[in-house]
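Following: one structure in structure tokens, then a few remarks.
To find a chain, count down the sequence lines: A is the first, B the second, and so on, and within it residues start at 1. Predicted, not measured: the structure shown is a model, and the values here were computed from it. We use all heavy atoms of the structure for the numbers below, so side chains are in, but hydrogens, waters and symmetry mates are not.
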2 protein chains.
Amino acid sequence: MPSTDASVEQRLRTAALELFAEQGYDATTVEAIAARAGVGRTTFFRTFDSKEAAVFPDHELVLEDVAARLRAAGPGGSRAAVVEAAMLVLSHYLADGEVARTRYRLTRTIPALRQREIAGLHRYQRLFGDFLNGPGADLVGAAPDADARQLRAEVAAAAIVTTHNHVLRRWLRHDLDDPSPVLERALDDVVDAIAVRPAEQRAAVLVVRSRADLDAALPEIRRVLGDP
Amino acid sequence: MPSTDASVEQRLRTAALELFAEQGYDATTVEAIAARAGVGRTTFFRTFDSKEAAVFPDHELVLEDVAARLRAAGPGGSRAAVVEAAMLVLSHYLADGEVARTRYRLTRTIPALRQREIAGLHRYQRLFGDFLNGPGADLVGAAPDADARQLRAEVAAAAIVTTHNHVLRRWLRHDLDDPSPVLERALDDVVDAIAVRPAEQRAAVLVVRSRADLDAALPEIRRVLGDP
DNA sequence: GTTTCTGATGGTACTCAGTTCCACTGACAG
DNA sequence: CTGTCAGTGGAACTGAGTACCATCAGAAAC
């Protein structure tokens, strides 16, 4: 048994990435990956569900982290929770950035990997959507009915995940040195525009000074705003 | 050669759906599908890229339709184009609704099909996103820079596709009888809230009658609005 | 020290999706 | 009648993924 210094999983991961880079994805057999890692083919499939899985991070782990951060949100804390949860995902990618970039190169090229990548992203969207539609979240505001609320939650989740992916992709392409503050700003903007429905939650108050004093004007203001 | 009444592709499609319903997806071999359709295994793989493909519609066709509608958008017509394009997708699903519902049942159950479904949806998102980021579209408004514009386009595309999927899913679940008007209203709402950035493109004008006439007031109004 | 249990491993054999190649058939034109 | 051509079926192959079993190292029990 050669080189037990790294874990079997790690050895398999690096062997897979190396061979995919050298020979291409299709031309690389699972047997070859296992051989380079110094283990049997059986061990490969005991470690990973499929050949593709050797390329991707353990989404379960990240998803659990994100779910925990969302669960920790108190009343009124939905916005912060969502933003921080998205940045948590980013930080997981940045944690081993070289691997992330290698994976990006592969997923752009190989359809099978691309498909799995997209499906993976969708799980985050589901998670965010379920949270935003849940009773603990107040980001999407009051909706006329339960279905409208769910739609808004799904749209907001899609917007958040899309924003995250956009910023991440820029970093993967070396368009960006420090993506975290960029993501934070972008999420702030997006959440402003999307999650909260401006027409419902904001009221613009325009003050016009006149000779009449406030008390005299108040009843009229009340009438105009349709005070219930 | 038995039953040449329907096209080979159609016979294979129905055979596949029948067998998946009877025996389950994994338990059904391609050979069995081909046999029921009265053709050879070779012909199956000449017709479809994979076993999964027999379940899904020809996305290429729909994508081309949608792309054509988007291309046809004139200046100022981005909003209508996007809404109509999304409704075009819906109408394709409704065209043979029974198959769509059967497929929905399968995609919810079988992971392999689910993954392909999600990947398929992503192609529509790409298409919408590219259009909204293109030079012909004016839905996302003026952005500080090219990257911000692209982000907005991607977010808007995600919102549109998510909305479409939400309404479609409701119809697939028999939550809805006539989904088209529902989708149209929902898209209107979503596009209002998302694509156009209210703070940038809308200016509220409040008119206060005073004794001074308009000409006298105009310079002052110009100054306040920061007329360039 | 010996036994025994346990967990991880490697090997073998199998199924089946997907590919490649070739032979056949029927239609149609010359 | 002959050549061509498109569509088809069959046979053989590769490789992913699964199932089963034998093995072995180490820890625990006696």
Side-chain angles (χ1 to χ4, degrees), chain A residues 1-56 58 106-107 109-117 119-120, chain B residues 1-56 58 106-107 109-117 119-120:
Chain A
M1 268 163 243
S3 59
T4 323
D5 37 283
S7 78
V8 171
E9 183 186 327
Q10 263 316 308
R11 292 210 315 270
L12 282 168
R13 290 201 121 98
T14 56
L17 290 181
E18 284 171 15
L19 285 168
F20 293 162
E22 292 170 17
Q23 319 176 337
Y25 180 78
D26 287 327
T28 303
T29 67
V30 169
E31 194 148 18
I33 299 171
R36 178 167 296 201
V39 298
R41 208 179 81 101
T42 313
T43 299
F44 179 94
F45 283 111
R46 215 177 273 119
T47 312
F48 300 109
D49 285 342
S50 65
K51 182 179 169 183
E52 305 152 22
V55 173
F56 292 96
D58 191 349
L106 287 171
T107 52
T109 317
I110 296 108
L113 297 181
R114 184 180 194 77
Q115 193 167 323
R116 196 185 171 109
E117 166 82 359
Chain B
M1 267 165 242
S3 57
T4 324
D5 37 283
S7 77
V8 172
E9 182 185 327
Q10 263 316 307
R11 292 211 315 271
L12 282 168
R13 289 201 121 98
T14 56
L17 290 182
E18 285 171 14
L19 285 169
F20 292 162
E22 293 170 16
Q23 318 175 339
Y25 180 78
D26 287 328
T28 304
T29 67
V30 169
E31 192 147 20
I33 299 170
R36 177 167 297 200
V39 299
R41 206 177 83 101
T42 312
T43 300
F44 180 94
F45 282 112
R46 215 177 272 116
T47 313
F48 299 108
D49 285 342
S50 66
K51 182 179 169 184
E52 304 151 21
V55 172
F56 291 96
D58 191 349
L106 287 170
T107 52
T109 316
I110 296 106
L113 297 180
R114 183 180 194 77
Q115 192 168 323
R116 197 187 170 106
E117 166 84 359

Practice task
Give the rounded distance in Å between these two atoms: CG of B:D49 and C1' of C:dT20.
Solution key: 16 Å
Exercise for the section: Answer whether the closest heavy-atom distance between the side chains of A:F44 and A:E31 falls below 4.5 Å. Expected result: no
Exercise for the section: Without swapping roles, check the side chain of B:R11 against the backbone of B:A37 for a donor-acceptor pair under 3.5 Å. Expected result: yes
Exercise for the section: Would you indicate what A:T47 reaches in the nucleic acid, counting non-hydrogen atoms under 4.0 angstrom: base, sugar-phosphate, or nothing? Expected result: nothing
Completion exercise
When A:F44 and B:V39 are each assigned the nearest nucleotide of DNA chain D, the 5'-most assignment goes to B:V39
Handout entry: B:Q23 versus B:T28, side-chain donor and acceptor atoms under 3.5 Å
Key = yes
Exercise for the section: Please report the C-alpha distance between A:L106 and A:Y25 in whole Å, then the side-chain angles of each, then the deciding distance to 0.1 Å, and finally whether the side chain to side chain contact (heavy atoms under 4.5 Å, CB included) criterion is met. Expected result: CA-CA 8 Å; A:L106 287 171; A:Y25 180 78; 5.5 Å; no
Handout entry: A:D26 CG - C:dT20 P separation (whole Å)
Key = 11 Å
Exercise for the section: Provide, to the nearest angstrom, the distance between the CD atom belonging to B:E52 and the C1' atom belonging to C:dA17. Expected result: 10 Å
Exercise for the section: Go through the structure and list residues passing salt bridge (charged side-chain N to carboxylate O under 4.0 Å, His left out) with A:E117, not counting sequence neighbours. Expected result: none
Completion exercise
Closest of C:dG18, C:dT9, D:dA16 to the A:V8 side chain is C:dT9
Practice task
Whole angstrom is fine here: how far is it from NZ in A:K51 over to C1' in C:dA17?
Solution key: 14 Å
Practice task
Classify the side chain of A:R46 and the base of C:dG7 as holding, or not holding, a donor-acceptor pair under 3.5 Å.
Solution key: no
Handout entry: Check: B:T42 side chain, D:dG10 base, donor-acceptor under 3.5 Å
Key = yes
Problem - Nearest listed nucleotide, side chain of A:T29, among C:dG18, D:dT18, D:dG15 - result: D:dG15
Handout entry: Nearest-Å distance for atom pair CD/C1', residues B:Q23 and C:dC16
Key = 14 Å
Exercise for the section: Check whether the side chain of B:R41 and the base of C:dT19 form a donor-acceptor pair under 3.5 Å. Expected result: yes
Fill in the blank from the handout: B:Y25 atom OH is separated from D:dG17 atom C1', nearest whole Å, by 14 Å
Fill in the blank from the handout: In whole angstroms, the gap separating C1' of D:dT18 from CZ of A:F48 amounts to 18 Å
Handout entry: Side-chain N or O of A:T43 closer than 4.0 Å to phosphate OP1/OP2 of C:dG10
Key = yes
Practice task
Round to the nearest Å and state the distance from A:F45 atom CZ to C:dA8 atom C1'.
Solution key: 18 Å
